[in-house]
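Note sheet for the following structure.
Each ligand, and each atom within it, is numbered from 1 in the order the structure gives.
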Amino acid sequence: MHIEFYLSTKERTVNRRNFITLIGLGIGTAALSSTIVSCENIDHGEAFGWDGPDPEEKDIRMQVLAYAILCPNPHNKQPWIIRLTGPDSFDLYVDPERLLPATDPYYRQIHIGQGTFLETLSIAATGLGYEAKIDYFPEGMYANTELESKPVASIKLINRPGIPVDPLFGHLLTRHSNKQEYDNHPLNQEEADILHSFHGRENTNRLNIISSPQAKKDFEQILTNAMQIEVGNSARDRETIEMFRFNEDEVKKYRDGFGVAQAGLTGIKKFVVENFLLSRKSVDKDPTSFGNQAVEMTQKTAASTATFAWITTSSNSRLDQVLVGRDYCRINLKTTAMGLAQHPMSQVLQEYDEMILLQNTFKATFGIEASDTVQMLFRLGRAGATPHGPRRVISQLIRG
Ligand SMILES: Cc1cc2nc3c(=O)[nH]c(=O)nc-3n(C[C@H](O)[C@H](O)[C@H](O)COP(=O)(O)O)c2cc1C
């Protein structure tokens, strides 16, 4: 169906400029609905990994990897390479082709995304009757400003019939980052206590959860200012736009990144935005309105949230980052189990020069030691689920 015909050129231009505003408003596109209502239930017949391992798959390595790829990771870059080392073992490396140098110049977040991968595969292994034995940085750890082509971890899968299944196993296929507006209600004390008990295994990570009205006000301002700083640079804009999936064709082609579905739009609304209001060509030509709308969305999502949380470490080695990733992933799975929504907002944590002043203000406002590293900052609350971000197929991760 070729519906663009029904819109004048002027309407299309105006609408593209306002596309994310429309997302925030729930979209005032009723006039279009009757014309395209038959597209509401488009079934693309593709789970993009979220149906778990192929039931015919016999290789335990492929089975755990089919779960691991579903973990949270920055911009859904999926920055992982797997080298098979034996019939029940493999090494995990950072994929140097899948970094975010403008927004994550020291690859700190990319290493957190290695930890989320390891946590997910380790939980999955228990569900499949295995223990995942993880040896971190088996060829030595590199400095936290460098990336060397050394493995982040060697993984050996040991068959352990009767191993207790991690209670989070049942949530691997439903966990997601929920980027919608929340309902402005704080977590209660019991919920916060449960989450506190879920962090900090063998490391010294500290989880902070805060729900005061003053904190809410401060976060709204700091997070909005941080996004304002983030979008004021063309390399950073390009990095985000490159990972934004403007339509289903791009989702199918790349199987990574994120699009309007992950912001909470589905069915007819998603169809309208992707087909009428948004195109890579127009945003590439003028990223300003994309950036402005990102700032507006940040303000709205922060304003809709009553509980914020962050994880700090006193040292900031590559291993610290990986272990934070493991804890962050566990918390995200636990909030899924509790029916809560969770969403990282990382801009103020980023290490490029323009952010440092605001980052210092953030730390001072919340009594965080200047020498500590805030590794993850995220919102918690309640909102309906959004569709999953796509994942590539496991064979795309495997090298030599
Ligand atoms: C280290 C890290 C930083 C992230 N930062 C952000 C962020 O600033 N804003 C955001 O919307 N999502 C952020 N995310 C969430 C990712 O976008 C999300 O995990 C990814 O798109 C995959 O989607 P899923 O978690 O729903 O499976 C971050 C995730 C990680 C692990």
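In this structure His388 satisfies the side chain to side chain contact (heavy atoms under 4.5 Å, CB included) test together with Trp50, His176, sequence neighbours excluded.
Only one option out of Tyr106, Trp80, Tyr142 pairs with His111 in a ring pair (Phe, Tyr, Trp, His ring centres under 6.0 Å); it is Tyr142. Remark: of the listed residues Phe219, Tyr182, Phe366, Phe219 is the sole one forming a ring pair (Phe, Tyr, Trp, His ring centres under 6.0 Å) with Phe308.
For residues 326-355, the pairs satisfying ring-ring contact (aromatic ring centres under 6.0 Å, His included) are Tyr328-Phe378, with sequence neighbours left out.
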Report all side-chain donor-acceptor pairs from residues 64-74 shorter than 3.5 Å, counting only partners two or more places apart or in another chain.
{"residue": "Asn73", "atom": "OD1", "partner": "Lys77", "partner atom": "N", "Å": "2.9"}
{"residue": "Asn73", "atom": "OD1", "partner": "Gln78", "partner atom": "N", "Å": "2.8"}
{"residue": "Asn73", "atom": "ND2", "partner": "Cys71", "partner atom": "O", "Å": "3.1"}
{"residue": "Asn73", "atom": "ND2", "partner": "Asn76", "partner atom": "OD1", "Å": "3.4"}

Requested in this report: Test side-chain hydrogen bond (donor to acceptor under 3.5 Å, both in side chains) on Asp218 and Gln214 and set out the steps.
Outcome: CA-CA 6 Å; Asp218 290 337; Gln214 184 60 47; 3.1 Å; yes
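Ligand 1 is surrounded by Trp50, Pro72, Asn73, Pro74, His75, Asn76, Gln109, Ile112, Arg175, His176, Ser177, Lys179, His343, Pro344, Met345, Ser346, Gln347, Met376, Arg391, each with at least one heavy atom closer than 4.0 Å.
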